[in-house]
Amino acid sequence: MKKKQSGCNEGANRMEALTENKAKRGLTLVYTGDGKGKTTAAFGLAIRAAGRGKRVLVIQYIKSSERTYGEKITFDKLGIETFQTGVGFTWTKTPEEHREALKTAWAFTKERVLFGGYDVVILDELNNALAIEKFPIDDVLPLKEVLELIQHRPKGMHLVITGRSAREEIIACADLVTEMKVVKHYYNDGIPAVKGIEF
């Protein structure tokens, strides 16, 4: 009986060491689904990380710097670097404007992730960008390069990717995937985006 217990303890110790090593390597977290709360969950994590003295970077792929967002105002106060690299929803600008924005955002992301020295990087709505079908994007935001960045980012960096329609390949790389599900939404009652809630 003692031998068996010893074996269990050894197994538990090995599992603990493996878990600790994985966390030290850096985790990939994905928040996806059609429900509200993906970005909110990621930004809650950003605040928690900053509170622990972690250096946090947020890159928003769809939101434009032409508009004011509550999270940007707060993050500026907290010292969390935030960059809005998009030009808005896909129907608000021409395909070429979106393609150029995605190309610039991806180059910026690669540079910051590989050389920026961050502990946590949040790629907000990257899933949405990768799911665009209205115009070609693979030449400006190649899925292959995204997967390479996830796998070869600096050791110890936690990477958070948000947005609906996460690609299966992204999900396969993740250590955590949370899918937000819509049960009820006030949009269906004609209530538009609310300041302080959506933006």
Side-chain angles (χ1 to χ4, degrees), residues 13 15-33 35-65 67-86 101-102 104-130 141 143 145-164 166-167 169-180 196-199:
N13 290 339
M15 182 60 83
E16 190 176 311
L18 180 66
T19 304
E20 192 175 316
N21 287 338
K22 200 168 194 182
K24 283 181 181 176
R25 170 184 56 90
L27 299 171
T28 301
L29 296 82
V30 174
Y31 299 120
T32 192
K36 183 172 166 44
K38 299 175 287 294
T39 293
T40 304
F43 289 175
L45 185 153
I47 292 167
R48 186 180 302 122
R52 290 292 186 178
K54 306 289 185 190
R55 190 171 176 214
V56 181
L57 169 68
V58 177
I59 301 175
Q60 296 186 287
Y61 269 76
I62 303 297
K63 288 182 177 175
S64 165
S65 59
R67 291 189 64 185
T68 303
Y69 297 95
E71 63 264 25
K72 174 82 165 88
I73 295 166
T74 299
F75 286 171
D76 285 348
K77 291 175 184 175
L78 294 175
I80 296 173
E81 292 181 64
T82 310
F83 298 92
Q84 289 148 344
T85 61
L102 290 172
T104 302
W106 182 237
F108 178 75
T109 298
K110 288 188 290 186
E111 181 186 341
R112 286 302 180 110
V113 167
L114 295 175
F115 307 110
Y118 298 96
D119 302 298
V120 176
V121 174
I122 296 172
L123 304 178
D124 185 42
E125 296 179 329
L126 175 61
N127 289 330
N128 300 54
L130 287 169
L141 180 58
L143 177 61
E145 288 188 14
V146 174
L147 297 172
E148 285 172 0
L149 189 75
I150 292 170
Q151 291 163 352
H152 302 296
R153 68 186 185 270
K155 186 179 177 184
M157 177 187 287
H158 301 299
L159 193 59
V160 184
I161 302 171
T162 75
R164 61 183 63 208
R167 301 283 291 264
E169 297 91 337
I170 300 282
I171 289 170
C173 287
D175 298 292
L176 175 146
V177 179
T178 298
E179 185 175 5
M180 308 296 188
I197 302 296
E198 269 80 29
F199 64 97

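Note that the structure is predicted; figures quoted are calculated from it, not measured. All residue numbers in this chain count up from 1 along the given sequence. Worth knowing before you read on, the calculation uses all heavy atoms, side chains too, and leaves out hydrogens, waters and symmetry mates.
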To the closest 0.5 Å, what do you measure between [atom1] ([X]) and [atom2] ([Y])?
X	Y	atom1	atom2	value
Y31	L45	OH	CG	5.0 Å
I59	L123	CD1	CG	5.5 Å
T85	E125	OG1	CD	10.0 Å
E145	T109	CD	OG1	11.0 Å
T32	I171	OG1	CD1	6.0 Å
T28	I170	OG1	CD1	9.0 Å

Got [X] and [Y] here, is their nearest side-chain heavy-atom distance under 4.5 Å?
X	Y	value
L27	L176	no
I150	I161	yes
T162	L126	no

Which heavy atom of [X] sits nearest to which heavy atom of [Y], and what is that distance?
X	Y	value
D175	G26	OD2-O, 4.1 Å
E71	K63	OE2-NZ, 2.7 Å
V160	A42	CG1-CB, 3.8 Å
A129	L141	CB-CD2, 3.7 Å
R112	L57	CB-CD2, 3.6 Å
G37	M180	O-CE, 3.3 Å

Name of the residue among I122, T74, V58 meeting side chain to side chain contact (heavy atoms under 4.5 Å, CB included) with T82: V58
For F83, all residues meeting ring-ring contact (aromatic ring centres under 6.0 Å, His included), sequence neighbours excluded: F108
By ring-ring contact (aromatic ring centres under 6.0 Å, His included) - contacts of F43 (at least two apart):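 Scan of F43 (ring-ring contact (aromatic ring centres under 6.0 Å, His included), adjacent residues dropped) gives F75.
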For the side chain of [X] and the backbone of [Y], is there at least one donor-acceptor N/O pair under 3.5 Å apart?
X	Y	answer
D119	M157	no
N127	A166	no
K38	G33	yes
R55	G116	yes

Contacts of type salt bridge (Lys or Arg N to Asp or Glu O under 4.0 Å), residue E179, not counting sequence neighbours: none
Residues which pass salt bridge (Lys or Arg N to Asp or Glu O under 4.0 Å) with R167, listed by chain and number, not counting sequence neighbours: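 Per chain and number, R167 pairs via salt bridge (Lys or Arg N to Asp or Glu O under 4.0 Å) with E169.
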Chi angles and distances behind the side chain to side chain contact (heavy atoms under 4.5 Å, CB included) call for L130, N128: CA-CA 5 Å; L130 287 169; N128 300 54; over 6 Å; no
Any residue meeting side chain to side chain contact (heavy atoms under 4.5 Å, CB included) with T104, in chain and number order, not counting sequence neighbours: E100
NZ/NE/NH1/NH2 to OD/OE distance under 4.0 Å, K72 and E81: no
Worked verdict on Y69 versus Q60 for side-chain hydrogen bond (donor to acceptor under 3.5 Å, both in side chains): CA-CA 11 Å; Y69 297 95; Q60 296 186 287; over 6 Å; no
Test side chain to side chain contact (heavy atoms under 4.5 Å, CB included) applied to L102 and Y61, step by step: CA-CA 7 Å; L102 290 172; Y61 269 76; 4.0 Å; yes
Residue pairs involving residues 39-54 (criterion side chain to side chain donor-acceptor pair (under 3.5 Å); sequence neighbours excluded): T39-D124
